[in-house]
Amino acid sequence: MSGQNNKRAQGLAIFFLILPLFLFLISLSIGSYGISPRGLLKTVLSVVSPASHPDVPAAYRDILLRIRLPRVLLAMAVGAALSVSGASLQALFKNPLVNEYILGISSGAAFGAALSLVFLGRAFPPQVGGFVFAVVAVGAVLLISGKAESHFISLLLTGIIVTAFFSALLSLVEFFASPYVLQALFFWLMGSLSLASWKDLYISLPLIAVGLVMLYFLRWRLNVLSMSDEEARSLGVNVLREKMLVIAATTLITAAATAIVGIIGWLGFIVPHLVRMMFGADNRRVVPLSAAMGASIMMIADDIIRGLSSFEIPIGIFTSLIGIPIFLVLLKKTRKVWL
Amino acid sequence: MPHYHPSRHRTGLILRRYFLILCSAFILSSGAVLPSQGQTITDNLRRTVAVPARVERILSLQPEITRILVALGAADRLVGLDYFISRDDHLFKILFPGGTRLPVVSMPDESVNKELIVRLDPDIIFTSPTELQVPDSIQRSLGIPVAALASMGSFEGLLEEIELVGALTGFKDRAGELGRYFQEKIRSIIESTGPLTLEDRPRTYLAFWSSLVRTPVFYEPVQAAGGRNVADNLLPSRLGTIGTIITVEQILKWDPDVILIQGSFLPRERQVTVESVMGDKRLGSIKAIKQRRVHYTLGFWYWWDPAGVLVETLYLAKLFHPEKFGRLDLEKEGNAIYKMFYGKTDVFTDLIKSLDFHEWTK
């Protein structure tokens, strides 16, 4: 019986791991500009061999290569980044209520973007300012809280305080901003993939990839770090170094994602819980499955937005609308959140 | 081919406003002329507001109303202003230099200084319907009537505002004069464009509010100038606004003939520029880009400047139908319109310089 359950869980895990690939292909065919699957195929072929399909409209190529492809890739990357970040931090802090923004990343990024928009103008991309100050916020948390090894509660509290501090700074910058800059800032804060371009991917994708690879290789150590520090040390783990590595990697991917698409709530909280409820708390599985499920939920949410209407709805609404019901059903079924 | 009928079109616009925008131009509940006892109006947030018959002290947190008050000659009734018009409206300082001495009551985050309001003791307060919480918050706590009004991109809404503010301040004749002047100008533009088929009307996409993908779902200057707003059938993103957010892909689907970028900002403050749109490779296949028909228009400036929107409509008519408006001296016309509304000379010439709108007067 247990063997059957294991096989089922394994099958389900494989399904979730390959799901993003199917969704990736489906997502490329969804959008307000109706392109048939045949048209899409011809467009792809025309890219490989332009001479063989001269009749493909230029608009098809622009939509597929310059609009849908970067947007779907960005949705995948951001979904995976935020979910893995949430899963890693929950394991690290041994706290199921932690999310990816707990160390002040969201307010730091918002402040950085605002600062850039207000004082540097359009010549300087706000994403860079957002990324830099997201890292600064986490740095401030680590510096103020002292040795994270022995003061994890103080780390969490400092995260909350630094978040509040940067929120106050953001309000101050808003006070000095012209209304036109404020409009651009509020649009960014809403969180959206609507303006995704290759330029965004060039900036964010390498950073997210590096962070995800780091966390993938650190995943078994997250299991050890989930124990008490004494137990972890007795297993030969350099606790402080490993914790700092995890924090550095989560900061990198969350900051890179947030700087590009703004603040998308709930994903880093819900997805890791969904994975643990379905597959257990072993971080060797939780990390890759969170990446796959996060990427899938983000793509589905974005597909709904792009497929349902010609206007853009903030994606955070749909990640919550998809994630929370599944979360509640599983919670009711399994009656446990943290295994 | 279907011809454009102004009357039928106007009826369509009104219906669309009511059904799609939910709360558009405000409606005086019992006629346009206010009786001596005052009466109630339904504002753009569908609030019923008891309005005094005549007001001596007005707090305007809505730049469009503020500009109307100045145009009517009732600027001395103003006891306070909003943050935007006081600090960021570069033209307002020229139109009403005395405004710089008035207290500023609202802040960019939509908060208001209620103690200052009590001290200013206004008979009525005007706010924008985009600030959903502000009107009820002030009215409930201070007991002062607050009306959330805006033209919502409609000439009819603007004319009703002029009429209402004229009646409230006792400047009915001046309001009538401005209203007639406005209507006459618009009528003359529509007559000059002549009957237009749908195909004659350039399909126009408007990139407003500092973003390529934010657009108004209703913008009458485009219609009146003989164009078509491609986003006309969409719903606004929330109550009190007429804007929505669309996808870049949707712009390609619409494939507009013309792209208009909101240009009421000073050049250094523009987040979206003609150059950035022209250089955006995602939009390369669009007709407007290929034919280099990407231009600045004034757009909203915390709603409208009544003179500005009239000049803007003239400019758009010239842009859409150069064969019919080629001889129009926009600078001369623009200066005359501003003179009519505000009594100042060469205002439009100054505006062209500060906004770098030299293309307008070519």
Side-chain angles (χ1 to χ4, degrees), chain A residues 30-35 56-71 117-118 120-123 125-126 170-188 190 192-199 302 305-315, chain B residues 63 82-85 87-90 107-111 208-215 217 230-231 233-237 243-255 262-273 275-276 280-287 289-290 300-302:
Chain A
I30 293 173
S32 48
Y33 199 115
I35 306 177
V56 171
Y60 279 24
R61 272 197 289 272
D62 286 344
I63 283 165
L64 186 66
L65 299 179
R66 293 200 163 115
I67 295 174
R68 288 187 192 170
L69 190 57
R71 183 166 176 149
L117 281 167
V118 173
L120 299 175
R122 62 174 177 270
L170 174 66
S171 300
L172 199 65
V173 174
E174 285 175 4
F175 192 79
F176 292 108
S178 82
Y180 315 118
V181 171
L182 275 182
Q183 288 169 353
L185 178 63
F186 290 149
F187 186 65
W188 180 85
M190 272 167 53
S192 169
L193 293 164
S194 63
L195 289 169
S197 68
W198 284 110
K199 202 171 69 184
D302 192 44
I305 290 168
R306 291 185 299 126
L308 264 188
S309 68
S310 52
F311 55 90
E312 189 87 19
I313 303 164
I315 194 163
Chain B
D82 72 291
Y83 186 84
F84 164 76
I85 203 157
R87 197 193 67 167
D88 292 302
D89 186 336
H90 45 96
M107 287 294 123
D109 62 354
E110 298 184 9
S111 63
F208 275 21
W209 300 294
S210 301
S211 170
L212 174 66
V213 292
R214 293 177 78 182
T215 191
V217 297
V230 289
N233 294 317
L234 298 182
L235 285 170
S237 56
T244 192
I245 302 166
I246 51 108
T247 59
V248 178
E249 191 169 329
Q250 183 61 47
I251 306 176
L252 267 82
K253 188 180 178 188
W254 281 325
D255 192 15
Q262 184 179 1
S264 50
F265 322 151
L266 291 173
R268 66 172 181 276
E269 289 178 334
R270 287 179 191 141
Q271 302 295 315
V272 181
T273 61
E275 294 75 27
S276 68
D280 192 329
K281 288 181 180 165
R282 294 171 299 176
L283 307 176
S285 60
I286 292 176
K287 252 183 247 156
I289 304 284
K290 283 185 196 161
F300 293 116
W301 205 343
Y302 271 61

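Going from atom CG of D280(B) over to atom OG of S197(A) covers 7.5 Å, rounded to the nearest 0.5 Å. For the atom pair CG of D255(B) and OH of Y33(A), the computed distance is 7.0 Å after rounding to the nearest 0.5 Å. Between S32(A) atom OG and K253(B) atom NZ the span is 5.5 Å, to the nearest 0.5 Å. Between the CZ atom of R282(B) and the CZ atom of R68(A) there is a distance of 14.5 Å, given to the nearest 0.5 Å.
Across V248(B), L212(B), L283(B), the residue that shares the most heavy-atom pairs under 4.5 angstrom with chain A is V248(B). When each of L252(B), T244(B), V213(B), I286(B) is scored by its heavy-atom pairs under 4.5 Å with chain A, the top score falls to L252(B).
By the side-chain hydrogen bond (donor to acceptor under 3.5 Å, both in side chains) test, D82(B) pairs with no residue at all, sequence neighbours left out. The side-chain hydrogen bond (donor to acceptor under 3.5 Å, both in side chains) test applied to R71(A) returns D302(A), E312(A), not counting sequence neighbours.
Smallest separation of non-hydrogen atoms from S285(B) and A59(A): OG-CA, 3.4 Å.
Judged by distance alone, the side chain of R306(A) and the main-chain N or O of T247(B) form no donor-acceptor pair under 3.5 Å.
Inter-residue side-chain proximity for I67(A) and E249(B) is flagged as met; some heavy-atom pair is nearer than 4.5 Å.
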